[in-house]
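Worksheet: the structure to be examined is printed underneath.
Atoms considered below: every heavy atom in the structure, side chains included; atoms not considered: hydrogens, waters and symmetry mates. We're numbering straight along the sequence, starting at 1.
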Amino acid sequence: MSEDETPRLLVVEDEAHLAAGLKMNFELEGYRVDVARTAREAAHALVRPEAYSLILLDVMLPDLDGFELCRRLRLAGNRVPVIMLTARSDPHDRVRGLEAGADDYLGKPFDLTELLARVRSHLRRQQWMRAPSAEPSNVLRFGGALIDFDTYSASMSGEEVKLTRLEFDLVRYFADNAGRVVERGELLENVWKLRNHPNTRTVDNFVARLRKHFEDDPANPRHFVSVRGAGYKFVPTP
Ligand code: CA
């Protein structure tokens, strides 16, 4: 894990003993940890450019209670996960904490293993939310071309391109063998399912059509490249 990926936690806790213990334990887990003793210090920490991945927030602070600090944080648009820590075990406090915008709540004395597990779980969920939704693996992009092998649809610079099933299969074979020279005979055998077929012109005609569809300049192809005396090479450059 690089420095930048290491989650940074902010522990807001006025009891020096407990704060030091939490810091040490989270650092042992590989996190980077800052401690704020008061809501004021926490507010200062939160305007620093380095973003926190999670905040552990004690409810009983000398200057402002944790509920109010959490509420202000949310009002300011900060959506960092917050786990509230408190000595109070009143269920009303739990509700108050959640209504103030906290994500979780742990009563003191808490079990350190449980706290670590909850922190991990919140960080994991946060990563899922941040991860860009995965592009379907059956979509091929190169140049302005977009080819979806699930729906058998294709477009070039946003304009729909109608391909035959055989043309899709040919593009697919090229894509699966991108960067490698494929011979005409190999294409006839694998795409057309023709063994020892003498008429390699078929391949040339199809490649010419793909170039017309997907090359900016079909006369000077960048993607469906001829390799003299050998065959074709598909180059999926952006
Ligand atoms: Ca306290």
* **Full working for side chain to side chain contact (heavy atoms under 4.5 Å, CB included) between Asp103 and Ile83** => CA-CA 6 Å; Asp103 299 277; Ile83 301 179; 5.8 Å; no
* To do: Report yes or no: do Leu106 and Met84 belong to one cluster of Ile/Leu/Val/Met/Phe/Trp/Tyr joined by side chain heavy-atom distances under 4.5 Å?
  =>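 Looking at the clustering, Met84 is in a separate group from Leu106.
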* Asked: Do the side chains of Val80 and Leu69 join up, straight or via other hydrophobic residues, at under 4.5 Å, putting them in one cluster?
  ->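 Yes; Leu69 is reachable from Val80 via cluster members.
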Donor-acceptor pair, distance only, cut-off 3.5 Å: does the side chain of [X] make one with the backbone of [Y]?
| X | Y | value |
| --- | --- | --- |
| Glu13 | Glu15 | yes |
| Ser155 | Gly158 | no |
| Asp111 | Glu114 | yes |
| Glu186 | Val182 | no |
| Asp63 | Arg40 | yes |
| Arg118 | Tyr105 | yes |

Is a salt bridge present between [X] and [Y], judged by a nitrogen-to-oxygen distance below 4.0 Å?
| X | Y | answer |
| --- | --- | --- |
| Arg32 | Glu27 | no |
| Glu99 | Arg71 | no |
| Arg184 | Glu189 | no |

* Report yes or no: is the cationic atom of Arg211 (NZ for Lys, CZ for Arg) closer than 6.0 Å to the six-membered ring centre of Phe224, at no more than 45° off its axis? =>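 Cation-pi check for Arg211 and Phe224: fails.
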* Quick one: is the NZ or CZ of Arg165 closer than 6.0 Å to the six-membered ring centre of Phe168, and within 45° of its axis? ->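 Not satisfied by the 6.0 Å and 45° rule.
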* Apart from Val227 itself, residues in the same hydrophobic cluster as defined by side-chain heavy atoms under 4.5 Å ->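 Val227 clusters with Val181.
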* Asked: Should the heavy atoms of other residues, nucleotides or ligands under 6.0 Å from CZ of Arg79 be counted, would the total exceed 12?
  ->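 No, CZ of Arg79 has 12 or fewer neighbouring heavy atoms, counting only those of other groups under 6.0 Å.
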* To do: Could you tell me whether Glu68 atom CD has more than 12 heavy atoms of other residues or ligands within 6.0 Å of it?
  =>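 Atom CD in Glu68 is packed in, count exceeds 12.
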4.5 Å side-chain heavy-atom contact, [X] and [Y]:
| X | Y | answer |
| --- | --- | --- |
| Leu22 | Phe26 | yes |
| Ile55 | Leu46 | yes |
| Asp58 | Lys108 | yes |
| His223 | Thr237 | yes |
| Arg8 | Tyr31 | no |
| Val139 | Ile147 | no |
| Leu188 | Leu194 | yes |
| Glu29 | Leu116 | yes |

* Asked: Between Leu61 and Asp14, is a side chain to side chain contact (heavy atoms under 4.5 Å, CB included) present by the stated rule, with each step listed?
  -> CA-CA 6 Å; Leu61 295 170; Asp14 57 319; 4.1 Å; yes
* Asked: Is there a donor in the side chain of Asp204 and an acceptor in the side chain of Tyr232, or the other way round, less than 3.5 Å apart?
  ->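 A donor-acceptor contact under 3.5 Å links the two side chains.
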* To do: For the residue pair Asp34 and Tyr52, confirm or rule out a side-chain donor-acceptor distance under 3.5 Å.
  =>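 Checked: Asp34/Tyr52 side chains pair up, N/O donor to acceptor below 3.5 Å.
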* For the residue pair Phe142 and Phe234, does the interplanar ring angle fall in the parallel (under 30°), tilted (30 to 60°) or perpendicular (over 60°) class? ->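 Answer is perpendicular, since the angle exceeds 60°.
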* Report the C-alpha distance between Cys70 and Leu57 in whole Å, list the side-chain angles of each, state the deciding distance to 0.1 Å, and finish with yes or no for side chain to side chain contact (heavy atoms under 4.5 Å, CB included). => CA-CA 8 Å; Cys70 187; Leu57 179 55; 3.9 Å; yes
* To do: I would like to know whether Phe206 and Trp192 meet ring pair (Phe, Tyr, Trp, His ring centres under 6.0 Å); could you show each step before the answer?
  => CA-CA 11 Å; Phe206 268 77; Trp192 279 263; 4.9 Å; yes
